[in-house]
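Here the structure comes first, spelled out in structure tokens, and everything after it is commentary.
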Amino acid sequence: MKTLADRYNPQDVENRIYNWWEESGYFKSADQSTKPPFSIILPPPNVTGFLHLGHALDHTIQDLMIRWKRMSGFNTMWLPGTDHAGIATQSVVEKELKKTNVTRHALGREKFVEKIWEWKHEYGDRIYGQMRRLGDSCDWDRATFTLDAGVSEAVRKVFVSLYKKNSIYKGLRLVNWSGPLETAISDLEVEHKQIKGFIYHIQYPIDGTSDFLTIATTRPETMLGDTAVCVHPEDERYQSLIGKTVTIPLINRQIKIIADTYVDREFGSGVVKITPAHDFNDYKIGKTHKLEFINLLTKKCEMNENAGPYKGLKVADARKKVLEDLKSLGLLVKEEPHINSVGHCSRSGAVVEPFLSEQWFMKMEELATPAKRVVESGTVRFEPESWTKVYLHWMNNIEDWCISRQLWWGHRIPAWSCTDCEKTTVSETDPTACEHCGSSNIKQDEDVLDTWFSSALWPFSTMGWPNAETHSVETQKTFYPTNYLVTGHDIIFFWVARMIMMGLEFKKDVPFRTVYIHGLVRDSQGRKMSKSLGNSVDPIEMIEKFGADALRFSFLAHLFSGKDFKFSEQRVEGYRNFMNKVWNASRFVLTNLQDFKAPAEGVKAMPIKTDLSVFDQWIISKLADVERSVHDFLEAERFSDAATTLYQFIWNQFCDWYIEFTKPIMTSGAPAEKHATQLVMAQVLNRTIRLLHPFCPFLTEEIYANLPIKGAACIVDQYPTVQNDKDLLAFASKQAEIEIDIVKEVITAIRNIRGENRISPAVKLKIRLGVSQADVQKILNHNHSAIMTLARLEAMEIGEDGNMMKCAVALVAVGTVQIKVIIPLEGLVDFNEEIKRIQKTIEKLEKDVSLLNGKLSNEKFVQNADEDVIANDRILLQQSKEQVISLKDALTRFQ
RNA sequence: AGGGAGUUAGCUCAGUUGGUAGAGCGCCACCCUUACAAGGUGGAUGUCGCAGGUUCGAAUCCUGUACUCCCUACCA
């Protein structure tokens, strides 16, 4: 057995361990197995992206579940993948091209797509490398890219199938348009920002009169596309004008005055200009009133020929020019400051323009109905549950999904239009002729599908659907539906909802049972992490600085049901310290096991219970508690409770007390006693390391390799539970727990007196423990040497109170046991500190006494409260009263 | 505007059947005690947002209210 370094150094360990796991095939899953299946599909990150803290959090949770289930005997399958991320990736490559002064249009579609593939091949595996740094135990053999042949096949099949049942259609509609990207984007890709602007009041001359109608608008340039002005039908001011016409200034086009209840009489002038081709509300009015739709924009969002003299101007410039021209005509009567929310493209940041164009849509209502039902019935469960409402609310107000994008990177829409009969052919395989007229003059649609279209199929397209090969069928049979989907709440609508719809439609079953929603990672002040704020943190940097385990643990220990996660480097450092603590505790144990031979029978070789030291029995009791709670917490998805339970057990029980208790046994215990403790120590460390493994896999695997009692690898050893660890836990003892509680309290009381009186640790104290109960005396005698060592004593008497002149006194109460700790201070320190300390204690006790007195003398309390509550209070009151008397007595002895 | 979440120690947060408030970090004091100074021991710190109500008893349940954050939708 080699000895461990005196510090845990993650850099020496992580890569080596990871490679070993991977080479050993521990991450692999089997399509067919006698073990129960447990599967998770990883939300695929962008293929050209970097791992950020959000991924790190997301992956840590999934890896915890996978490792825990793997150790619990499941056939675990964690499927990794990457997303082609249409807009994001295309933009990145386009920017790269720009550096060499090449546009994608100059390059041409085919060449440009080739470039992106080159880019993908260069950077596509980068993120997989970063995931390995984090310790992700995915089944890499199953890694999938959203543009892989199999996925493309699934995409086409779904498209064709939905098209055939009229769930996918093409139509001329007003959509959100991103000028810089020259593509439509979905509602979800639009971010609304509050922008300070103005409301402009403009006069439209009423035809046949010299009067004007004043309209208010925030977007004066769109007046060029007005096809009506609208008033409220019951607005007395304007009723007589309904049906008449006004002339749009600047371009002198006549439009009708119409009436619709949509108009709010109170707002502005009560007259609204209607621009059906450039505003979503106006679009609806345009439809109901059968108005003309005049498009003013080009695909780049510049004014087109319909804008007359303003043709060629950008929207913002056109606005300025229009305002100037109106002003010079005297038709701009007022500008009021106004804050309105303006849609911005989440990808390019540009202002989104409502734009009339031919797009493909997916009807959502029909698909949404069953997807609502499975959530309402609990077949799919959200954790935390509060997201259920959010999900259902959205599903109830769902609108058709614009699935076409005017991009080059992505799944090209499998639709061909015929130049002869103008009809559309939609097909899973590339057709050679129009299915309507047989003409060979067909042309494939230029558009690609929204990236989320392929993402929606991810849970089954990654498992080989729709191909009918045996292994695909087996994979789906075993692993679909998956057990968990772990993701942030930002993509519930983009992704989660759509996966549920598609899963139900094409697999006739939900894609996952539980959706575990975690919060988003923010900086320590709760702000969004962003490049512009300069507050983003690179997880790889954190891993290099503190180790992957510390980063993982800092997530897991502070993960609270779906709340946003405030990241702090200081905290990671804290858990780095914990990793080192585990390392050093292991080092202590292993050093003390140098002369220890692990018996082949394992736990069965343990001596009989009564031959184990009380410390050994106690730590096994504590271990039993931990195994029970960790199991329960993990089952309940309370990961932070599980993490902190382990943290506290290791640091506050195992290290602070157990190791300290065993030191005297290791140095001067009898051989049989020492051997028994060695056996327990080895067993408890072994359990601890296994329990900890899913939380901090690298550290634990490295320690595990050095254990005298072990299997092939920690990652595939059994996860300890009270069910499977009965042989060891049979040595737990309630009596030992009581005994150790007393011993700990006595030691703490002595340390407290020492600390408060500033008695140097170098000074060994002589103390007396005043206790009348014979069984308690026995316990204290039994633990004589432990108390002597841990409290740094020279001598200890147990029995009568004796002479208490000039003595520090502390009272220890554990259950019904009462012990008086008496320390003569004469010659050690002056008594002021001790007098203060005792007075402080008395004050607190007297407060307790009056509180308890009040409660217990209240008849209603005695009548209504639970019996054990009352009994407990009675004991407390009695003890507190007695303590006050003893302490006051002690005070008098300082005179 | 509608919906959701939150308000507990200086900071980040726990507190699951109502029974005298907890952790980590930070802070103060002492200590290199042979696993660990990335450590040890001791200590200080809270009218649990505010106001009512139910109850013998409320951080916990109910009502109202203030503030913060998020999401969705937006009146030109």
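Residue numbers start from 1 in every chain, and the chains themselves are labelled A, B, ... in the order their sequence lines are given, proteins ahead of strands.
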Distance in angstrom units between [X] [atom1] and [N] [atom2], rounded:
X      : N     : atom1 : atom2 : result
A/E867 : B/C56 : CD    : P     : 18 Å
A/D523 : B/U12 : CG    : C1'   : 12 Å
A/M395 : B/U72 : CE    : C1'   : 15 Å
A/Y575 : B/A23 : OH    : P     : 14 Å
A/D564 : B/G4  : CG    : P     : 18 Å
A/H232 : B/A76 : NE2   : P     : 17 Å
A/E833 : B/C30 : CD    : P     : 12 Å
A/E399 : B/U72 : CD    : P     : 14 Å

What interatomic distance, in whole Å, is found between [atom1] of [M] and the corresponding atom of [N]?
N     : M     : atom1 : value
B/G49 : B/U12 : P     : 15 Å
B/C69 : B/U63 : P     : 25 Å
B/C50 : B/G10 : C1'   : 22 Å
B/G40 : B/C32 : P     : 16 Å
B/U20 : B/C13 : P     : 27 Å
B/G6  : B/U60 : P     : 14 Å
B/G15 : B/A23 : P     : 15 Å
B/C27 : B/A35 : P     : 27 Å

Is the gap between the ring centers of [X] and [Y] under 6.0 Å?
X      : Y      : value
A/Y8   : A/F698 : no
A/Y204 : A/F212 : no
A/F565 : A/F555 : yes
A/Y391 : A/F382 : yes

How would you label the contact of [X] with the nucleic acid (heavy atoms, under 4.0 Å): base, sugar-phosphate, or nothing?
X      : answer
A/T218 : sugar-phosphate
A/D848 : base
A/N872 : nothing

Self-check item: Upstream residue (5' side of RNA chain B) when A/V862 and A/S880 are each assigned their closest nucleotide
Solution: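 Looking at the nearest nucleotide for each, A/S880 comes out on the 5' side.
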Self-check item: Nearest-nucleotide comparison on RNA chain B, the residue closer to the 5′ end among A/W394 and A/Q648
Solution: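 Of the two residues, A/Q648 wins.
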Quick one: does [X]'s side chain get under 4.5 Å of [Y]'s, heavy atoms only?
X      : Y      : result
A/E221 : A/V315 : yes
A/F861 : A/I870 : yes
A/H201 : A/E336 : yes
A/M681 : A/M666 : yes
A/K663 : A/F588 : yes
A/L825 : A/E834 : yes

Where the side chain of [X] is defined as all heavy atoms beyond and including C-beta, which of [options] is the nearest nucleotide?
X      : options             : value
A/L852 : B/U20, B/C71, B/A35 : B/U20
A/R522 : B/A76, B/C70, B/A35 : B/C70
A/R792 : B/A23, B/U33, B/G19 : B/U33
A/L876 : B/C56, B/A76, B/U20 : B/U20

Exercise. For nucleotides 36-46 of chain B, just jot down a letter per nucleotide in 5' to 3' order: B, S or -, based on protein non-hydrogen atoms under 4.0 Å.
Key: B-BSSSSSS--
Quiz item: Within the structure, does a side-chain N or O atom of A/K563 lie under 4.0 Å from either OP1 or OP2 of B/A14?
Solution: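 Answer is yes, contact under 4.0 Å.
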Quiz item: Any side-chain N or O of A/K389 under 4.0 Å from OP1/OP2 of B/G4?
Solution: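 Answer yes for this pair, as a side-chain N or O of A/K389 is under 4.0 Å from OP1 or OP2.
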Quiz item: Which dot-bracket string describes RNA chain B (Watson-Crick N1-N3 plus N6-O4 or O6-N4, or G-U N1-O2 and O6-N3, all under 3.5 Å; [ ] crossing; | other strand)?
Solution: (((((((..((((.....[..)))).(((((.......))))).....(((((..]....))))))))))))....
Quiz item: Does the cation-pi check pass for A/R498 over A/W401, that is, NZ or CZ under 6.0 Å from the six-membered ring centre and within 45° of its axis?
Solution: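 Pair A/R498/A/W401 counts as cation-pi.
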